[in-house]
Protein chains: 2
Amino acid sequence: MPSARERVRAELTAEITDAARRQLAEVGAAALSLRAVAREVGMVSSAVYRYFPSRDDLLTRLIIDGYDDLGAAAEAVDDPTAGPADRWLAVCRAVRSWALGHPHEYALLYGSPVPGYQAPKDTVPAASRVGIVLGRILGEAARAGALADGSGERDADLVSDDAVAVLGGEHPALDETVRVRALLAWSALFGTISFELFGHFVGSVEDADRYFDRAMGDLARLIGF
Amino acid sequence: MPSARERVRAELTAEITDAARRQLAEVGAAALSLRAVAREVGMVSSAVYRYFPSRDDLLTRLIIDGYDDLGAAAEAVDDPTAGPADRWLAVCRAVRSWALGHPHEYALLYGSPVPGYQAPKDTVPAASRVGIVLGRILGEAARAGALADGSGERDADLVSDDAVAVLGGEHPALDETVRVRALLAWSALFGTISFELFGHFVGSVEDADRYFDRAMGDLARLIGF
DNA sequence: AAATGGCGAGAGCGGTGCTCTCGTTCGGCT
DNA sequence: AGCCGAACGAGAGCACCGCTCTCGCCATTT
């Protein structure tokens with residue numbers, strides 16, 4: 001059982017991360033100041049260092065929480081009984097609407113890496129969640145016969161076994177073409193969202209909502225389902 | 001004719017931007033310090049403000065230069081006499097290799113927007129150059145009969161007229177499907193490069209070089225050329 | 001009851017962006 | 001030719017930043 005000391009420590013840690021998340025949502029990661037966070041929770045800045053060894057560690061915490069929040073949103077919206085095309089579009093929409101609702105957090109996750117490349121190890125499980133959701137959808141679509149009209153060549157060791165496992169393990173239909181297409185769909189989804197959020201579509205796309213649906217629908221159809 | 005004063009001013013401005021570009025390449029945009037730039041050119045920090053009203057303006061200068069450099073690289077490698085598939089892949093490779101050679105500049109251009117969304121007006125012409133190169137390739141491919149096996153529906157006002165102009169003006173073959181596919185290809189290219197550069201492919205892609213060629217080749221084939 | 005260790009506060013270091021005020025110097029106008 | 005204003009570089013200074021260290025306080029553990 002947690003001692004009283006551990007409990008209040010956990011509470012204060014949560015209070016700090018909450019304040020940091022609030023500040024992140026307001027001013028963005030670049031302007032997130034540990035001192036301002038300390039002020040908001042009524043501490044002096046040096047006291048915060050009892051809980052986070054550095055500002056980057058605080059940001060890493062926010063990154064992991066962000067990945068988990070986004071991953072949960074993607075998982076929540078995926079209905080395994082629906083068809084792959086519907087599932088795909090639903091998850092794409094969920095990811096986009098999360099991004100639009102949390103622009104600074106999205107930028108922290110999928111924009112430029114902030115510090116000198118922080119420890120990715122801790123973030124990997126959380127970061128994988130939405131990829132796993134998409135991989136499951138695409139993998140099942142592939143096993144159902146879709147996505148398989150490619151050249152079918154096996155370009156060994158192009159996509160790692162970990163990524164293949166996400167698609168649902170070894171299966172004759174999961175040749176290299178399917179693997180590449182899954183990764184392509186994944187990065188195209190986030191490329192589209194990033195372009196919209198970071199302003200690269202300004203002047204090109206008139207109606208972002210409708211363009212997104214069209215683009216993701218076309219993408220799914222092109223890939224084969 | 002430029003007066004002597006204007007000349008030395010232009011020289012000093014160039015010296016400052018050069019030093020800033022060097023520092024950007026070394027430590028990245030987030031850690032780029034106007035004071036350090038001033039030190040490098042042998043000035044005191046306040047003197048730099050005679051040439052750039054703020055740090056963000058200096059960054060904006062670097063952004064425009066970066067877009068121009070990347071755009072020039074894309075234009076240089078495009079051979080109008082080649083086939084669309086070859087041209088597409090060549091430009092994709094050129095963009096990627098520029099990004100790999102200038103990771104911090106790429107992050108500045110296509111990562112999270114650094115300040116509170118700086119003036120995009122000045123950056124637009126430079127930022128459009130690689131999009132124009134890609135648009136020209138895809139537009140010519142479409143007029144040659146490719147990219148046209150879509151539904152052909154005309155979802156008016158989805159893609160702006162500016163973007164259509166990039167594809168080569170009005171043409172019966174340039175229906176909404178082609179427009180969406182062109183934008184999709186564009187954002188998929190940069191989504192792929194961003195994922196590679198920002199580490200989202202770690203654990204999924206084994207051989208980045210070969211994956212990129214495969215992905216961009218598959219993408220072109222899927223889109224229709 | 002005493003010792004240990006976690007904790008918050010404060011001072012301080014070097015760094016940042018940016019502003020303001022000084023002399024100086026240079027160029028265009030009378 | 002001479003002057004006057006504009007441009008310029010330097011310096012000091014402000015508020016803020018991340019981070020470190022030290023010092024008392026207090027609770028938990030022994």
Side-chain angles (χ1 to χ4, degrees), chain A residues 1-20 22-24 26-63 104 108 113-119, chain B residues 1-17 19-24 26-63 104 108 113-119:
Chain A
M1 68 173 187
S3 75
R5 229 181 162 84
E6 282 169 341
R7 240 199 26 190
V8 60
R9 185 185 171 78
E11 271 176 27
L12 273 183
T13 305
E15 205 170 324
I16 292 171
T17 58
D18 284 352
R22 240 170 291 138
Q23 196 178 337
L24 170 62
E26 278 178 22
V27 300
L32 188 149
S33 139
L34 188 144
R35 290 176 109 116
V37 170
R39 273 193 299 270
E40 190 170 330
V41 300
M43 270 181 179
V44 85
S45 73
S46 61
V48 179
Y49 284 84
R50 301 282 185 195
Y51 300 87
F52 292 93
S54 80
R55 177 186 175 266
D56 284 358
D57 289 85
L58 213 177
L59 275 183
T60 301
R61 175 78 263 163
L62 294 182
I63 289 175
H104 285 128
L108 179 61
V114 181
Y117 301 99
Q118 78 276 16
Chain B
M1 66 173 187
S3 74
R5 224 179 167 90
E6 283 169 341
R7 241 199 26 190
V8 59
R9 187 181 219 288
E11 269 176 28
L12 273 184
T13 304
E15 206 171 324
I16 291 172
T17 58
R21 197 175 357 260
R22 241 171 289 138
Q23 194 177 337
L24 169 63
E26 277 179 21
V27 300
L32 187 149
S33 141
L34 188 144
R35 289 177 109 114
V37 170
R39 275 193 297 271
E40 191 170 330
V41 299
M43 272 182 180
V44 86
S45 74
S46 61
V48 178
Y49 284 84
R50 303 280 184 195
Y51 300 86
F52 292 93
S54 80
R55 189 193 99 117
D56 284 359
D57 289 85
L58 212 177
L59 276 183
T60 301
R61 176 77 264 162
L62 295 182
I63 289 175
H104 285 128
L108 180 61
V114 181
Y117 301 98
Q118 78 276 17

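To find a chain, count down the sequence lines: A is the first, B the second, and so on, and within it residues start at 1.
Between the side chain of A:S46 and the base of C:dG10 there is at least one donor-acceptor pair of N/O atoms closer than 3.5 Å. Side-chain atoms of B:S33 stay outside donor-acceptor range of the base of C:dG15, with no qualifying N/O pair under 3.5 Å.
Listed candidates were C:dC18, C:dT16, C:dA9. Nearest to the side chain of B:Y49 is C:dC18. Side chain of B:L34, nearest nucleotide from D:dG18, C:dG8, C:dC18: C:dC18. Closest to the side chain of B:S54, out of C:dG8, C:dC18, D:dC19, is C:dC18.
Counting any heavy atom pair closer than 4.0 Å across all strands shown, B:L58 reaches no nucleic acid atom.
Across the protein-nucleic acid pair, A:E15 atom CD and C:dC7 atom P stand 14 Å apart, rounded to whole Å. The separation between A:R7 atom CZ and D:dT28 atom P is 11 Å, rounded to whole Å. One atom, CG of B:L32, and another, C1' of C:dG15, lie 14 Å apart when rounded to the nearest Å. The CZ atom of B:R55 sits 18 Å away from the P atom of D:dC16 (whole-angstrom rounding). Rounded to an integer number of Å, the gap from CD of A:E6 to P of C:dC7 is 10 Å. Separating the CD atom of A:E11 from the C1' atom of C:dG8 is a distance of 17 Å, rounded to the nearest angstrom. When rounded to the nearest whole Å, the span between CD1 of B:I16 and P of D:dC8 equals 10 Å. Nucleotide D:dC16 holds its C1' atom 12 Å from the CZ atom of B:R35, rounded to whole Å.
Of the side-chain N and O atoms in A:R39, none sit less than 4.0 angstrom from OP1 or OP2 of C:dA9. When the side-chain nitrogen and oxygen atoms of A:R9 are compared with OP1 and OP2 of C:dC7, one or more of them lie within a distance under 4.0 Å. Within the 4.0 Å cut-off from OP1 or OP2 of D:dG9, at least one side-chain nitrogen or oxygen of B:Y51 is found.
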Are A:Y51 and A:M43 close enough, and set up right, to give a side chain to side chain contact (heavy atoms under 4.5 Å, CB included), and what steps lead you there? CA-CA 12 Å; A:Y51 300 87; A:M43 270 181 179; 3.8 Å; yes

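Neither side chain, A:T60 nor A:D57, offers a donor N or O lying under 3.5 Å from an acceptor on the other.
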Listing time: all N or O pairs from protein to nucleotides 22-26 of chain D that are below 3.5 Å?
none

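Between the side chain of A:R55 and the backbone N or O of A:L32 there is at least one donor-acceptor pair closer than 3.5 Å.
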